[in-house]
Protein chains: 2
Amino acid sequence: MNKVFKALADPTRRRVLELLRQRPMTAGELSEHFEVSKPTMSAHFAVLREADLVDAHKQGVTITYRLKLSVLEEALLGFSQAFGIGAAPSADIPNIPPKETRS
Amino acid sequence: MNKVFKALADPTRRRVLELLRQRPMTAGELSEHFEVSKPTMSAHFAVLREADLVDAHKQGVTITYRLKLSVLEEALLGFSQAFGIGAAPSADIPNIPPKETRS
DNA sequence: GACATATTTCGATGATTAGCTAAATATCGA
DNA sequence: TCGATATTTAGCTAATCATCGAAATATGTC
């Protein structure tokens with residue numbers, strides 16, 4: 001789960017995931033959406049793979065990346081529920097009323 | 001939103017947020033839960049403030065940090081919804097006053 | 001086999017980050 | 001005012017990170 005959050009920390013990688021939400025795409029196809037070099041994109045893909053957020057499927061000379069939505073979902077939902085955010089079985093977690101002060 | 005994800009990328013900071021989920025705590029009180037130095041913790045607090053995930057309320061010599069749940073919620077839920085995850089919006093989460101830490 | 005294509009690995013670089021100790025700042029109580 | 005306490009700022013180091021160009025790897029085509 002730490003790796004997932006580390007992976008989500010970079011805007012490029014979050015954008016890659018959003019692109020993959022629509023359909024699987026090849027590395028080159030994904031790269032076209034960004035202005036960074038292909039080695040850099042490749043490194044981003046490696047981080048996403050390492051976090052198990054995508055899987056890579058090689059067909060011939062191309063590599064197709066596919067979003068592993070369940071992994072993203074589990075991490076995000078799991079974390080959210082620890083805070084009582086989102087769809088959650090009503091947990092007995094006390095919350096603090098907002099107060100909006102700053103020094 | 002980028003700052004929020006950057007802030008969430010560090011396990012210490014995620015843990016701080018989870019501690020603050022229960023009740024507001026002072027910087028020193030929070031620091032006791034970790035094995036890093038206080039200046040290091042102070043830097044983590046600064047990142048969380050910068051991401052607007054907490055706010056700081058100075059009372060006398062101590063500074064009390066409080067989780068801004070709505071900001072966390074908005075970021076997490078917003079991102080989740082881009083993926084169709086965790087569709088259900090947070091119902092009523094009971095707002096229970098903090099355990100009195102005598103001032 | 002030679003060549004083009006898709007992608008990764010290598011090696012380097014500059015930026016950011018987490019960590020530390022020491023020092024500064026601010027507040028409180030005597 | 002002095003000393004204790006809480007927290008931050010300053011200055012530093014080591015590690016991690018995003019990025020690049022060049023080279024390597026693998027595949028398909030002629």
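Computed over heavy atoms, backbone and side chain alike; hydrogens, waters and symmetry mates excluded. Proteins get letters first, then strands, A, B, ... in listed order; numbering begins at 1 in each. Here the structure is a predicted model, which is why all the values come from computation and not from measurement.
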Think [X] has a side-chain N or O under 4.0 angstrom from the OP1 or OP2 of [N]?
| X | N | result |
| --- | --- | --- |
| A:Thr40 | D:dC20 | yes |
| B:Tyr65 | D:dA6 | no |
| B:Ser42 | D:dT8 | yes |
| A:Ser37 | D:dT19 | no |

#### Entry: Any residue meeting side-chain hydrogen bond (donor to acceptor under 3.5 Å, both in side chains) with A:Gln59, in chain and number order, not counting sequence neighbours
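If we apply the side-chain hydrogen bond (donor to acceptor under 3.5 Å, both in side chains) test to A:Gln59, skipping adjacent residues, the hits are A:Thr64.
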Integer-rounded Å distance: [N] [atom2] and [X] [atom1]:
| X | N | atom1 | atom2 | result |
| --- | --- | --- | --- | --- |
| A:Lys38 | C:dA6 | NZ | C1' | 7 Å |
| A:Phe45 | C:dT7 | CZ | P | 8 Å |
| A:Met41 | C:dT8 | CE | C1' | 13 Å |
| A:Lys3 | D:dC17 | NZ | P | 11 Å |
| A:Phe34 | D:dA18 | CZ | P | 14 Å |

### Message
Would you say that B:Lys68 contacts B:Asp52 through its side chain, given a criterion of any heavy-atom pair below 4.5 Å between the two side chains?
### Response
yes
### Task
Taking the side chain as every heavy atom from C-beta outward, state whether A:Leu48 and A:Leu17 have any atom pair closer than 4.5 Å.
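In short, these two side chains touch, coming nearer than 4.5 Å.
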### Query
According to the salt bridge (charged side-chain N to carboxylate O under 4.0 Å, His left out) rule, which pairs have a member within residues 5-20 of chain A, sequence neighbours left out?
none
### Query
Donor-acceptor pair, A:Arg21 side chain versus B:Ala82 backbone, under 3.5 Å?
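Indeed, once roles are kept as given, a pair shorter than 3.5 Å links the two residues.
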### Task
Output yes when a side-chain donor or acceptor of B:Glu50 lies under 3.5 Å from a complementary backbone atom of B:Val47, and no otherwise.
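Absent.
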### Query
What nucleotide, of C:dT21, C:dG19, D:dA6, holds the atom closest to the side chain of B:His44?
C:dG19
### Query
With sequence neighbours left out, what residues match B:Glu74 under salt bridge (Lys or Arg N to Asp or Glu O under 4.0 Å)?
none
### Message
Would you compute the distance between atom CG of A:Leu67 and atom CE of A:Met25 and round it to the nearest 0.5 angstrom?
### Response
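Going from CG on A:Leu67 over to CE on A:Met25, the span is 12.5 Å.
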Using side-chain contact (heavy atoms from CB on, under 4.5 Å) as the criterion, list what pairs up with [X], not counting sequence neighbours.
| X | value |
| --- | --- |
| A:Lys38 | A:Ser31 |
| B:Glu32 | none |
| B:Val36 | B:Phe34, B:Thr40, B:Met41 |

### Query
How does each nucleotide of nucleotides 23-30 of chain D score, in 5' to 3' order, for protein heavy atoms under 4.0 Å: base (B), sugar-phosphate only (S), or none (-)?
---BSS--
### Query
Considering residues at least two apart in sequence or located in another chain, which fulfil the ring-ring contact (aromatic ring centres under 6.0 Å, His included) criterion with B:Phe83?
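Residues passing ring-ring contact (aromatic ring centres under 6.0 Å, His included) with B:Phe83: B:Phe79.
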### Any residue of residues 47-54 of chain A with a heavy atom less than 4.0 Å from an atom of DNA chain C
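Residues of residues 47-54 of chain A under 4.0 Å from DNA chain C: A:Arg49.
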#### Entry: Contact list for DNA chain C against residues 4-33 of chain A - heavy-atom distance below 4.0 Å
A:Thr26, A:Ala27, A:Gly28
#### Entry: Ion pair check, B:Arg49 and B:Asp55, cut-off under 4.0 Å
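Here B:Arg49 does not pair with B:Asp55 in a salt bridge, since their nearest N and O are not under 4.0 Å apart.
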### Summary
Residue pairs meeting ring pair (Phe, Tyr, Trp, His ring centres under 6.0 Å), one or both in residues 45-66 of chain A, sequence neighbours left out, come to A:Phe45-A:Tyr65
Any N/O pairs under 3.5 Å between the protein and nucleotides 11-14 of chain C? List them or say none.
none

